[in-house]
Each structure stands twice: as structure tokens, then as C-alpha cells.
2 protein chains.
Amino acid sequence: MAGPEGGTTDTGKGTLVSSVFADLRNTILGSRYSIGEKLPSEAQLTEQYSVSRTVIREAIAQLRADGLVQARQGSGVFVISNQAASGPGFLQVDAQRVSSMIEALELRTAIELESASLAAQRRSPAQEETLYERLHEFSRAIQAGLSTFDADFAFHLAIADATNNPRFREVLEMLGRSVIPRTSLQTGNDEKTSVPYLEKIQAEHREIADAISARNEEGARDAMRTHLRGSLSRYRELLRGSSA
Amino acid sequence: MAGPEGGTTDTGKGTLVSSVFADLRNTILGSRYSIGEKLPSEAQLTEQYSVSRTVIREAIAQLRADGLVQARQGSGVFVISNQAASGPGFLQVDAQRVSSMIEALELRTAIELESASLAAQRRSPAQEETLYERLHEFSRAIQAGLSTFDADFAFHLAIADATNNPRFREVLEMLGRSVIPRTSLQTGNDEKTSVPYLEKIQAEHREIADAISARNEEGARDAMRTHLRGSLSRYRELLRGSSA
DNA sequence: GTCAATAAGTTGTATGATGAATTTACTCTA
DNA sequence: TAGAGTAAATTCATCATACAACTTATTGAC
């Protein structure tokens, strides 16, 4: 077995297939691939997610069923659409529109407040440990000058897992990474990646983790609210800035 | 029945996976399985189509992406819908399993707490009016001896609308009516439809509406929590009862 | 430069094994 | 006999390996 690390999000509940599927789906819908572009090969994805080829193939089969990709034998898997075949209202966030991001973020706030509270009630020792491990990874990413993007999301997923209710992870994966300040929203982004800024985030994360660890429901909820309120206000600022 | 039968599309075009997928899909959409029915096991399907488990599993993965079936480890693969593209059934709740209902209800609690709070902040006068109208409809349904089912759900949707964030309605619709105690869960249901019980619900609803009307965020949140906590405990009781 | 043969890379399928969750059957007890 | 507890059988989830089929890049001869 290879180590339980790798690219993005793994450890947790739900099936591996659904995790990989959700992640790939978000990646595609988030326009991180352009139409016609080729996905990494199955072998590469196997590495990236640290799962077997079986899992990758089933996830891709689901993407195919959604009409997002098309596989060509001998050649590769290609993106043929980046729009959800959204029928009656799907939770698709338009990462280009700030207002859409704010809507999603409010929704996510709802989920995460309860998530933090439930996690404080129910976390297992193992889940507590995982939480701090994610915290540490975030720290390492800062020091290494790497993107904290995945580490941030992984931390929030770990909280969701600590509720022992797999639905919370599902919704979070569905909403994708819409909370996390993206450089994809052009915003002079220097500030967003500055070390002091990231360390503030890290401190907020620690606050949340500590409250969950102490089984302090109220504290966890409050710390999470503070954390997300920060993101929300930053987005609101963006919205004002762009319309002004 | 070995060999390439089982009905329709086989040899000829495309991959084996797409063949098997198309055939299974047609079978399900053609209502040859009823909702909740179990598909043949992977081993049986392997025999039936004379293909490997890999192919069967990928085909089933696609059916899952289409929201037609749901796989339960250790149990089997079950049909959960026989309608095509009736929405990207993601957060499909298995109404047959009480545990699944509880999971969904916890999720819904998260949404509705925030929803009530935001509604208290932002409701327009028109939305306030709508809220009381729904309340009234619920009342009328009780007196008429009709089902309060739709009225109940409509009330909650009205709150979601009062947040002025359309996502809240989307999620609520997605989760469906899973909060509302269903007679579909066999439960001697007489109690559930009794007038005193319904009037208690109605009183709780009024409490919520009043708090939103008064722009009392905390109050709205608390009233909603009380309301949903009731449903949750009723389900928990069911769970204990059925396992005993 | 052209073209055919070859090599390397990628998806499609098959097979066997192990783990985890659930259901069913059975045994033992009171 | 009834019931509880356990053992065994099912069934999906995942991993690992192997080979076939197809595409693309490379090579070598002319």
C-alpha cells in the first residue's frame, strides 16, 4: 500500500469512487480544464488519488454518464462539456460570478456550523487525530510556499467526517471548494497568498479544532462562524469593488 | 441463458460497458423492476452478460450516476428510480432506511437553522405575508382533515425563500420532504395524523414565523431547532423500535 | 521527404484475492 | 418452544496484475 497521501482529498467516509468522482467533477465544472482537453491518464490519476485503477475507472464511468467526458481507447479521456446537465436546480456554483460564490458560501456556512457542532459532540479519538494532522499539513504547505488550497479543503472535510454522518461530506464535496478564497477570482491575489494572511487562517482553523477536541459545541460553532464570516466579508468586498 | 442475450443491445457497437449499461438502463426505465427491488448480484450479472465483473461494476457506476440505483455494501444494488434524468439524483435519500432519514434530517437541520436566521434578517414584507399564509393553509388542512404534508413543506420552503438566497430552496427541494414524518414509514401512523399532534406542529410553526416576523434571529433559530429536534427524536424512536 | 515498421502510451477487459458490511442459518441456552 | 448469540454465506468495495486493442510518437530505410 502506498502512503495515504497524495493530491487532494481521500480519507473519510463514503466510497472512494464517489469521492474521486466528486472531485473530478468539481474540477471539470470549475473550468480548470478546457473543452477538448485531455484528462491525466488513469495511471496518473491512480497516483494522484492513491487509489486503484478500478476506482478511477468507475469514477470516470460516472463522469461519462454525466456527459462530461468521453474516453477514446488508446488515446485518453477528454472533456466534452463543463456544464452540469442541471435539470431542476442543481447545486452548481458559477465560480466566475461573485454573487454566486456568496450564495454558495452562505449555504456552506449553514452546513459547516452544524458540522462543527456535531463533530464536537461525536468525534472519535481517531477523527480528532486526523483533524490535527490536516492542521499540520496546512502548516507545512505554508512553510513550503505551496498552495494551501487542498489542505484547507481537506481540513473542512475532516470536520465533516467527524460528524459520523456521511451526508455532510457529500454536500461539502458537492459545493466544492467554494469557500476557500480562490486566486481564480482575480483579485490582485498577492494579499491572498501572503504568509500573514495564511497564518491567520491557520489560527482560525486551530481554534475550531481545539473546540472540537474539547467537545465544546458552542465554541466550535462560534469559531467556525468567525472563520467563515471572514471569507464572506472578503467576497462581499470583492463584489463592492467590482461594481464600483 | 448464458450468451449474449438478456434482450436488446449487445454485440456490435461501442464498448461492453456501454452495452451492458444501456441494457440495464432500459430494463429499469421500462419498469421491469419496481422501486426498491434488488438487482441481480454482480456475480449473476457477470454470468448473464458473459462479461467480467469490471464491466458490470462500471455499468452499475453509470446507473448510479444517473440516480437510478443505489448500492448497499453487503446487501445488493437497489432500484431507487425508474425515471430518466429526473434531476441529478445526488442527495438521494433512501426513505426505506430510517438511518438514512436521520442523516438527511440532520443535514436539513443545518440548512434550516441558518435559513431561519437569515430569513429573520432579510425577509421582505411580502415574504413575511407569504409565511403567514402558508401557516394558515396548514391550519385549514388540519380542520379539513386533509393531509398536512404539502402545507408543511410549503411553509419550510417559504422560509427558505425569505433568505433571498435561492440556494436554500434548492437544497430543501433536493432533500425532499424527508423531514416530515411520513406514513410511508410504517409506524402505526394513527398518532401521526392525530389532531393534537398536528396542532403541536402548527404551534411550533407559528413560533418560528413570529420570530422571523420580529426579526429575531436567535429566536427564529431556537424555534426551528425545537421544531426539528422533535422530528429527529421521533425518528430515533423508530430506529430503536425497529431494531428491538 | 515519404512511408512503413516499431515502440511506447492509453483505454478496455479479464481474473483472482482480500476486506467490510449485511443477511441468513444455526446452535445453544433458559 | 422462544430467544439470543454466533457462525457462515452473500454481496459490494477495493486492490493488484495481466493482457488485448487502439492511438500516437519514433525510428529507419528508401
Side-chain angles (χ1 to χ4, degrees), chain A residues 1-6 9-22 24 36-65 68-80 126 164 166 169-170, chain B residues 2 4 10-24 36-65 68-80 94 96-100 103 239 242-244:
Chain A
M1 298 80 167
E5 47 112 40
T9 57
D10 46 278
T11 53
K13 310 283 287 196
T15 66
L16 291 179
V17 172
S18 62
S19 264
V20 172
F21 167 67
L24 284 176
E37 196 174 346
K38 180 175 162 305
L39 251 53
S41 73
E42 293 177 358
Q44 286 174 302
L45 291 173
T46 288
E47 277 265 327
Q48 186 178 329
Y49 288 100
S50 300
V51 297
S52 73
R53 204 177 146 214
T54 305
V55 172
I56 298 294
R57 282 194 59 82
E58 284 186 31
I60 290 179
Q62 297 195 328
L63 291 176
R64 228 171 20 197
L68 294 177
V69 303
Q70 174 182 351
R72 288 202 277 272
Q73 182 172 345
S75 180
V77 178
F78 299 84
V79 175
I80 59 178
N164 290 303
R169 168 182 270 265
E170 281 177 27
Chain B
D10 51 274
T11 55
K13 59 169 196 176
T15 66
L16 290 179
V17 172
S18 62
S19 278
V20 172
F21 166 67
D23 194 62
L24 285 175
E37 196 173 344
K38 180 175 164 303
L39 252 52
S41 72
E42 291 178 358
Q44 286 173 304
L45 290 173
T46 290
E47 277 264 326
Q48 187 177 327
Y49 288 100
S50 301
V51 296
S52 71
R53 283 198 307 285
T54 307
V55 172
I56 297 295
R57 280 194 60 82
E58 284 186 30
I60 290 178
Q62 296 196 331
L63 291 175
R64 233 173 17 196
L68 294 177
V69 304
Q70 173 181 359
R72 288 185 216 144
Q73 185 173 234
S75 182
V77 178
F78 299 84
V79 176
I80 59 178
D94 184 352
Q96 249 49 48
R97 298 178 137 282
V98 180
S99 62
S100 172
E103 288 172 0
L239 191 55
S242 71
S243 70

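All figures in this text were calculated on a predicted structure; none of them were measured in a lab. Protein chains get the first letters and strands the later ones, always in sequence-line order, with residue 1 at the start of each.
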Can you tell me how far C1' of D:dT10 sits from NZ of B:K38, to the nearest Å?
8 Å
With a 4.5 Å cut-off on side-chain heavy atoms, are A:S18 and B:R64 touching?
no
Below 3.5 Å between N/O atoms, which protein atoms pair up with nucleotides 20-22 of chain D? Just atom names and distances, please.
| unit_1 | atom_1 | unit_2 | atom_2 | d |
| --- | --- | --- | --- | --- |
| D:dA21 | N3 | A:Q73 | NE2 | 3.1 |

Considering just the side-chain nitrogens and oxygens of A:R57, establish if one lies under 4.0 Å of OP1 or OP2 belonging to C:dG12.
yes
Could you state the atom-to-atom distance from CD1 of B:I60 to C1' of D:dC12 in whole Å?
9 Å
Under the salt bridge (Lys or Arg N to Asp or Glu O under 4.0 Å) rule, what do B:R53 and B:E42 come out as? Steps first, then yes or no, please.
CA-CA 7 Å; B:R53 283 198 307 285; B:E42 291 178 358; 5.1 Å; no
Counting heavy atoms from C-beta on, name the nucleotide in D:dC12, C:dA14, C:dT11 closest to the side chain of A:E42.
C:dT11
Only one of B:T15, B:V17, B:V51, B:L16 passes side chain to side chain contact (heavy atoms under 4.5 Å, CB included) with B:E58, and that residue is B:V17
Walking DNA chain D from its 5' end, the first of A:S52 and B:P40 to be reached, judged by nearest nucleotide, is B:P40
Using a 4.0 Å heavy-atom cut-off across all strands, classify B:T54 as base, sugar-phosphate, or nothing.
base
Distance, rounded to the nearest Å, where A:E47 contributes CD and C:dT10 contributes P:
13 Å
Ranking D:dC12, D:dC15, C:dG12 by distance to the side chain of B:V77, first place goes to D:dC12
Please report the distance, rounded to the nearest Å, between CG in B:L16 and P in C:dT15.
12 Å
Assess whether one donor atom and one acceptor atom, taken from the side chain of A:R53 and the base of C:dG12, lie less than 3.5 Å apart.
yes
Just so I know, are the side chains of A:L68 and A:V79 near enough to count as touching, which here means a heavy-atom distance under 4.5 Å?
no
Taken to the nearest whole Å, CZ/A:F78 to C1'/C:dT11 is 11 Å
